[in-house]
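Working notes, beginning with the structure itself.
Below, chains carry the letters A, B, ... as their sequence lines are ordered, and counting in each starts from 1.
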Amino acid sequence: MSAKNKVLGLIFASMHDSSVIDLTKKRTMGSIPFGGRYRLIDFPLSNMVNSGITEVGVITKSNYGSLLDHLGSGKEWDLSSKNGGLHLLPPFSHVDSGMYRGRLEALNGVWEFINHSDAEYVVMSDCDIATTIDYKAAIDFHKETDADITVIYGRYAYDSNKNHTANVLGIDENGRVNDVMVNPQISGECSISLDMFVIKKDFLKNIVITSVSRNQYDFTKDILQAKKDEFKIMGYEHKGYFSKIDTMNGYYEANLELLDTEKRNKLFIKTAPIYTKIRDNGPAKFGLESDIKNSLIADGCIIEGTVENCVLCRGVKIGKDAIVKNSVIMQDTVIGNKCSINSVITDKNVEIGEGKVLTGSKTYPIYIGKNAKI
Amino acid sequence: MYLKKECVAMLLAGGQGSRLYALTQDMAKPAVPYGGKYRLIDFPLSNCTNSGIDTVGVLTQYQPLVLNDYIGNGQPWDLDRNHGGVHVLPPYQTSLGASWYEGTANAIYQNMSFIERYDPEYVIVLGGDHIYKMDYSKMVDFHKENNADCTLAVIDVSLEEAKRLGIMTCDPDYRVIEFAEKPQQPKSTLASMGIYVFTWKKLKKYLIENENENSGSKDFGKDIIPAMLGNDERLFAYAFEGYWKDVGTLDSLWEANMDLLSPSVPLDLYDSKWKVYSRNNNMPPQYIGETAEVENSMISEGSTIHGKVDFSIIFAGATIEEGATVNYSIVMPGTVIKAGAVIEYSIVGEDCVVHENAKVGLSPETVENRDEWGIAVIGHNVDISEGAEVLPKQIISKNV
């Protein structure tokens, strides 16, 4: 047991928004629906809570309406608390902060909040990684190695030809980060940064103040790359399952990967539940002629047709004699009778009229925007 | 300082539910799972919330652990309030001694001080074992319009059913003239649903009188209502139209679940304007595997289906393995049905394991003598060993 609130969690809800621009037109990275009943922010948020972090700030940039709606008071994550709890940190938290250009400026903009916390350590995470991770182990590693900054990384088949974006790390035999490459033109299994960091609050304060005073705002360029010799930057390998959402394809594949029971069981661990906003739908309901194979079907779905290799979010309706395959269908989408849908991503509230045929390709799924009527 | 509330709800949740046998050995009846992700008490609690009643006393007595845990601070039903909210009210000790709740009226009598804190005009008394969606505020309005002392919700039933229920005879304005418990020759088919709205001042008077008379039963149906009728108080019947099901028996619990799969039954769990709330257990979405065959069923979060599921309700976190068959059955949370097991016309309780090739229940068509047929029931936390057989009508509460 340690005293409460010794670790502060910071979640950047809007980093990487530009990598899946279709999905973030009307929302932040953190509020992208994922895995049938979740939003991406549920993963870092639940991981923090499950690691005993009871004070979390969520840093947003723009389009954060859906995020506020999702998070509410934080009670679903047990973060509606008098001590610590959930704090939403939109931009303009003080007069001269303005719209931030990078992580360091964002931190500077909310510095008053960070400073006010009693925490000794800060754990930072973005929202582009769906994983289950115990931050306690990473914090212990950080302490044991006496690191200035710990970067959490994972082994990943990086391929610049697939438009992957990542910070690829070079790590020496002692676990120290000796190189950071931004989106290098390579392919193969690499150590990629999961953009999760452990750092002492006082140390973070120093680098934020020093950087901002020099008009530096990019954590990767101005700290991880520029100071790799000066600071002791350690790499902590996260060996658990993770998926990185850095392209539309990546988003599609990450969803469908959850149909693999082994991977799904690594993401959803009984002792570390992923919490999310509750919608109070009825259970998924399957009609007389429904035929379902290899699919995740969330509560509130009503299925009359055929569904194969799909992830269906909450409240989706599939009509009679409709065939839906290899698709990610977001909440409240209605697919009419006799439709034939293959390799499609529908955003929220899409309506597809009777008998429509939509066929994408597994390597290039069709995306249908929010509230579209076809 | 307590803010005045116009109406306080008192939910009678202390019943043992002895006719549910194996399912209520370790939990009070209102905690019995229903409909894939609910417990019975979700219905009256959600009705309260949806009717704008935010102060609810839940009277518990029998095996309250599961129920208390489930209700918690009332947050799932939006009943964690600054003023009012949900309060669990177990029997308690006083300077005069301790006593259990002796009857439904006595349970309310013992908690008069809880009600008085909110100084309500009306008290609505509810049961915890009925499945229905009802706007109580309309019933309270009806009560006010009639300047009634007591309003009883009634539902029109068949003449046959009327013989098993509390039956109201009314004048054309729905004023109650006569109340008969299980009449042999019913004079009407308006049956009491066990939902009462009382003008609190009046109810208080009758509760105190009933207590002083020491009747023995201390019951609303047996004592309070007849006494009020006898004194010519203004009793009215509020006719409810819609789905209502008493789930006091294993058969009716099974039927009420099966009703959810019938397109002709008007109980909509998907209406965003009238949600039925429940406590969520944070499980991933339901996974339907390559070998699964699912038809006309309801399947809840966290469950994994590799077998055949037909006309069934599968609760949260249940697993149906490849080669297992579940027909016309209810499989409660956390239960595993192993490969080759066949479950037909059965209720399987929480956290059970039905091992390989076990057979539970039979369809009525395969039983020669229909009198020998009934649903098979397995209680909570029971293991059914490999190849074991559970016959229709059998009720199993220990490992076999």
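B:Asp135 is listed as a side-chain neighbour of B:Trp274, based on a closest heavy-atom distance under 4.5 Å. Looking at A:Val307 and A:Ile323, their side chains never come closer than 4.5 Å, going by heavy atoms from C-beta outward. Side-chain contact check for A:Ile318 versus A:Leu312: some heavy-atom pair is nearer than 4.5 Å.
Between B:Tyr132 and B:Tyr243, the ring centre distance reaches or exceeds 6.0 Å. With ring centers used as reference points, B:Trp77 lies 6.0 Å or more from B:Phe43. Remark: aromatic rings of B:Trp254 and B:Tyr328 are distant, center separation not under 6.0 Å.
Using a 4.5 Å cut-off between heavy atoms, B:Val276 contacts chain A through its backbone alone, with no side-chain atom that close. Heavy-atom distances place no part of B:Phe315 under 4.5 Å from chain A, backbone and side chain included. Both the backbone and the side chain of A:Tyr275 come within contact range of chain B, with heavy atoms under 4.5 Å apart. Residue contact with chain A, scored on non-hydrogen atoms closer than 4.5 Å, is absent for B:Ile305. Only the side chain of A:Thr261 comes within contact range of chain B, judged by heavy atoms closer than 4.5 Å. For A:Ile274, the part sitting under 4.5 Å from any heavy atom of chain B is the backbone (N, CA, C, O) and nothing else. Within the 4.5 angstrom heavy-atom criterion, no atom of A:Lys270 approaches chain B.
Taking A:Ala298, A:Pro273, A:Gly35 one by one and counting their heavy-atom pairs under 4.5 Å with chain B, the maximum is reached by A:Ala298. Most heavy-atom pairs under 4.5 Å with chain B, from the set A:Ser46, A:Gly36, A:Pro283, A:Gly282: that is A:Pro283. Options B:Ile288, B:Val309, B:Thr291 differ in how many heavy-atom pairs under 4.5 Å they form with chain A, and the most are formed by B:Ile288. Between chain B and the residues A:Leu258, A:Leu259, A:Thr276, A:Asp291, the largest count of heavy-atom pairs under 4.5 Å involves A:Leu259. For the options A:Asn281, A:Ile292, A:Ile297, heavy-atom pairs under 4.5 Å to chain B are most numerous at A:Ile297. Contact count against chain A (heavy-atom pairs under 4.5 Å) is highest for B:Ser297 among B:Pro263, B:Pro76, B:Gly36, B:Ser297. Most heavy-atom pairs under 4.5 Å with chain A: of the set B:Glu290, B:His306, B:Gln286, this distinction falls to B:Gln286. Chain B forms more heavy-atom pairs under 4.5 Å with one residue of A:Cys301, A:Ser295, A:Gly300 than with any other, namely A:Ser295. Between chain B and the residues A:Val311, A:Leu296, A:Asp299, the most heavy-atom pairs under 4.5 angstrom are made by A:Asp299. Interface remark: of the candidates B:Thr304, B:Ile314, B:Asn281, B:Ile299, B:Ile299 forms the most heavy-atom pairs closer than 4.5 Å to chain A.
With A:Trp77 as the fixed residue, the side-chain contact (heavy atoms from CB on, under 4.5 Å) test singles out one of A:Asp42, A:Asn50, A:Ile41: A:Asp42.
Both tests do not hold together for A:Arg39 against A:Phe34: distance to the six-membered ring centre under 6.0 Å, angle to the ring axis within 45°.
In this structure, the separation between CD1 on A:Ile341 and CD1 on A:Ile335 is 5.0 Å, given to the nearest 0.5 Å. We find the CE-NE2 distance between B:Met332 and B:His380 to be 6.0 Å, quoted to the nearest 0.5 Å.
Note on A:Asp332 versus A:Arg279: salt bridge recorded, some NZ/NE/NH1/NH2 to OD/OE distance being below 4.0 Å.
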